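Remarks on the structure that follows.
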Amino acid sequence: MPKKRRSGGKTGSKKGRSELVSCSSCGKLVRREKAKKRTVYSSFVDYQIARELRAQGTRIPRVPTVKYYCVNCAVHRGIVHIRAKEERKKRE
Ligand SMILES: [Zn+2]
């Protein structure tokens, strides 16, 4: 059977089933290797104050927040894009 993608839409190794993560947007359970991972850095300090502090040479701690998105939400939010119509026919 022809494959749509060489990777099968997964990242990393070709191991079997992986653990489930919840989509940060819709809550759907997706396998970790198939979900789109995004790390967002946020700060407790207000943006404008942080900019002034940074100008004075202060180091402001940032808190990383890891978010997983299912493919539907990743496409909707512009994290990944679908290919053009002709491109989609290519099997890679
Ligand atoms: Zn989702």
Side-chain angles (χ1 to χ4, degrees):
M1 207 174 97
K3 286 179 80 176
K4 192 169 180 182
R5 289 178 184 81
R6 188 169 42 188
S7 65
K10 302 181 196 175
T11 57
S13 66
K14 284 201 166 185
K15 64 181 180 181
R17 196 175 169 81
S18 66
E19 68 272 47
L20 295 170
V21 290
S22 181
C23 172
S24 301
S25 181
C26 67
K28 182 183 179 179
L29 289 174
V30 277
R31 282 177 283 145
R32 185 185 291 268
E33 66 203 354
K34 210 154 193 174
K36 302 295 164 192
K37 185 181 177 183
R38 281 293 170 276
T39 309
V40 183
Y41 289 95
S42 57
S43 178
F44 298 119
V45 190
D46 184 57
Y47 173 71
Q48 293 198 326
I49 299 167
R51 195 170 57 182
E52 283 176 30
L53 286 171
R54 214 176 294 124
Q56 293 168 11
T58 317
R59 295 193 70 186
I60 300 152
R62 298 185 306 162
V63 183
T65 317
V66 177
K67 289 188 172 180
Y68 290 97
Y69 293 102
C70 69
V71 171
N72 284 338
C73 292
V75 170
H76 179 71
R77 287 167 169 257
I79 296 166
V80 289
H81 301 280
I82 60 168
R83 294 179 292 174
K85 202 166 186 180
E86 282 300 308
E87 281 268 297
R88 267 181 258 164
K89 290 176 183 171
K90 278 186 210 164
R91 306 294 183 206
E92 31 176 83

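These figures come from a predicted structure and were not determined experimentally. Computation of the quantities below employed the complete heavy-atom set of this structure, encompassing side-chain atoms and omitting hydrogens, waters and symmetry-equivalent molecules. Read the numbers this way: they start at 1 and go in the same order the structure lists the ligands and their atoms.
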| note | The number of protein N, O or S atoms lying under 2.8 Å from the Zn ion (ligand 1) is 4

| query | Does atom NZ of Lys10 have more than 12 heavy-atom neighbours from other groups under 6.0 Å away? | reply | yes

| field | ILVMFWY network linking Tyr68 to Val30, side-chain heavy atoms under 4.5 angstrom | value | yes

| task | Among residues two or more places apart or on two chains, list those pairs meeting side chain to side chain donor-acceptor pair (under 3.5 Å) that have a residue in residues 38-47. | result | none

| query | How would you list, by chain and number, every residue that makes a side chain to side chain contact (heavy atoms under 4.5 Å, CB included) with Pro61, sequence neighbours excluded? | reply | none

| remark: Arg62 meets the side-chain hydrogen bond (donor to acceptor under 3.5 Å, both in side chains) criterion, sequence neighbours left out, with none

| query | Given the rule that I, L, V, M, F, W and Y join up when any side-chain heavy atoms are under 4.5 Å apart, are Val40 and Ile79 in one cluster? | reply | no

